[in-house]
Amino acid sequence: MCGILAVAGKDDVNQLLFEGLTVLQHRGQDAAGIATSDEKRVFLKKNQGLVRDVFTSDDMMNLKGNMGLGHVRYPTAGVSSISEAQPFYVNSPCGIALAHNGNLTNTYELKRDLFFDQLRHVNTDSDSEVLLNVFAHELYRINNVNIQPEDIFTACTGVYKRCAGAFAVVLMITGVGIVAFRDKHGIRPVSYGSRETENGTEFAIASESVAIDTLGFNFVRDIRPGEAIFININGELFSRQCVVKSGHYPCIFEHVYFARPDSIIDGISVHKARMRMGESLANKIVENWFSHDIDVVIPIPDTARTAALELSNITGIKYREGFIKNRYIARTFIMPGQAQRQKSVRQKLNAIGLEFRGKNVLLVDDSIVRGTTSKQIIEMAREAGANKVYFASAAPPVRFPNVYGIDMPTSEELIAYNRDDLQICRTLGADGLIYQDLNSLVAAAQRGNPEILAFEQSCFTGEYVTGDVTDEYLFKLSKTRTVDRDQNHDDFNETVTDLFSQMNE
């Protein structure tokens, strides 16, 4: 999961991009980057680290121009390295920079075609660089001088024909304008806003509405599945449905964990959705566990607070803050590597002994993925003096890999894989375990926008909405997206080399 941002302004946009990326920092802490243009040149700075650490004052001064885009990265495919940081850039045609959130499911085939048929060299393991080169080739094939909106939309249609999977994309074409588009299933989120200035209309495009709001733009709407928008250098906006959307299946894990609670995604308030998750968990406790001995409800900060508070209100069980969070430690779920996650849990949280000592506590978290964090937190609660430790998850059991941009690479890593609730509970070391029902989770999100009839929920069901995820694909993916990315970097290159060798045979 990554964060993308673009601004088409009338004055320098470097500061807006910097501030917007800090708002989206929760979506990725591995790397950050900004590319701007003054209609003649592209200025680019990217590196590993947080936004505040990547960009110096000199960097900001050098990022000139009234249009630009930015990216915060959390690694799924590829490795954690500077070479994978975005935006990516190609100089033909015109000079194009790209920032991408999501994951392509046909990267190998595209990379092969680009190399052998279009004579384009892809320099990293990133599917985002592949996507950039596909768009660049489609645009070059249509027109590389005096590019018009029709050319942009035709190129986007070409991308939709070739690229499968989940993608929300912003592109900057030097001297032409800003482009944004979303996959035909609408899996990954992206929306835009506008504002009026003395010099004309300015636009902002972002993964979450909160970035649009905090930058002082007025939210307009989400980009539709299969839709592209184009903002030219004169500040005129054009939109086109470039492919017939295949239903609308937004990722439900955005509401479970990734998105900020003050965002509205596809018309659904993340905050309200999480409140309803807590409501349904509370109802499950009241109906099925009426003789419980829970003394206190304690959330795992920060994402689970909303659900835990609503659970407490409905059940009448006392709510207390029992963990203090070190805000200078990154979100452990999206850290690049299991060893780093394990090391960071105790650095990130510290228990308040007074809230645990001699009590039966119900810990509430947004989800349980690998179980590493949950197990350590339960141990911390016992060490703080808890009598009994129960655990509740606002999401159902995560049993299957996610292939659309979330780091759930192999089923074997997931604690719920091939285990029932009792086995999971024992593995975690809890005295009891309560999971959200899938139907209740879907209803919690769907009540915010009844027009959305279904969600992308493959990590719970193993059903993939793009229809192209096979056992063979999952096997290949498990070789390239594993716990230790650096260790498996050579495996990825070996796999790609094997594909090229097969083509030559």
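Any value given below was found using the heavy atoms of this structure, including those in side chains, with hydrogens, waters and symmetry copies removed. All of these numbers come straight from a predicted model, not from anything done at the bench.
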### Sequence-distant partners of F323, ring pair (Phe, Tyr, Trp, His ring centres under 6.0 Å), two or more places apart
F356
### Task
Please name the residue in the list R182, R188, R224 that meets the salt bridge (Lys or Arg N to Asp or Glu O under 4.0 Å) test with D266.
R182
### Query
Would you call the rings of F55 and F18 parallel, tilted or perpendicular, where under 30° means parallel and over 60° means perpendicular?
perpendicular
#### Entry: Under 3.5 Å: donor-acceptor pair, side chain of D183, backbone of G186
yes
### Query
Do E202 and K10 meet the salt-bridge criterion of a basic N to acidic O distance under 4.0 Å?
no
### Query
Does C2 offer a backbone N or O that forms a donor-acceptor pair with the side chain of H71 under 3.5 Å?
no
### Query
Counting only heavy atoms not in K64, do more than 12 sit closer than 6.0 Å to its NZ atom?
no
### Task
For N199 and T197, run side-chain hydrogen bond (donor to acceptor under 3.5 Å, both in side chains): C-alpha distance rounded to whole Å, both residues' side-chain angles, the deciding distance at 0.1 Å, then the answer.
CA-CA 5 Å; N199 298 321; T197 71; 5.1 Å; no
### Message
Checking R195 against N218: is there a side-chain donor and acceptor pair closer than 3.5 Å?
### Response
no
### Query
Should the pair F230 and F153 be assigned to parallel (<30°), tilted (30 to 60°) or perpendicular (>60°) ring geometry?
perpendicular
### Query
So, are R27 and E254 salt-bridged, with charged N and O less than 4.0 Å apart?
yes
### Task
Find the distance between SG (C156) and CZ (R240) and round it off to the nearest 0.5 Å.
10.0 Å
### Query
Got a donor-acceptor contact below 3.5 angstrom from the S374 side chain to the G371 backbone?
no
### Task
Give, for atom CZ of F167 and atom OG1 of T105, the distance between the pair rounded to the nearest 0.5 Å.
9.0 Å
#### Entry: Lys NZ or Arg CZ of R399 over Y417 ring: under 6.0 Å, within 45°
no
### E279/R274 ion pair, N-O < 4.0 Å
no
#### Entry: Euclidean distance, F253 CZ relative to N402 CG, rounded to 0.5 Å
8.5 Å
### Query
Do we get K46 above F88's six-membered ring, with its NZ or CZ under 6.0 Å from the centre and within 45° of the axis?
yes
### Query
Between Y160 and F181, what is the ring plane arrangement, given parallel below 30°, perpendicular above 60°, and tilted in between?
perpendicular
### Task
Report yes if some heavy atom in the side chain of T470 is under 4.5 Å from a heavy atom in the side chain of F475; otherwise report no.
no
### Query
Salt bridge between D407 and R370, side-chain N to carboxylate O under 4.0 Å?
yes
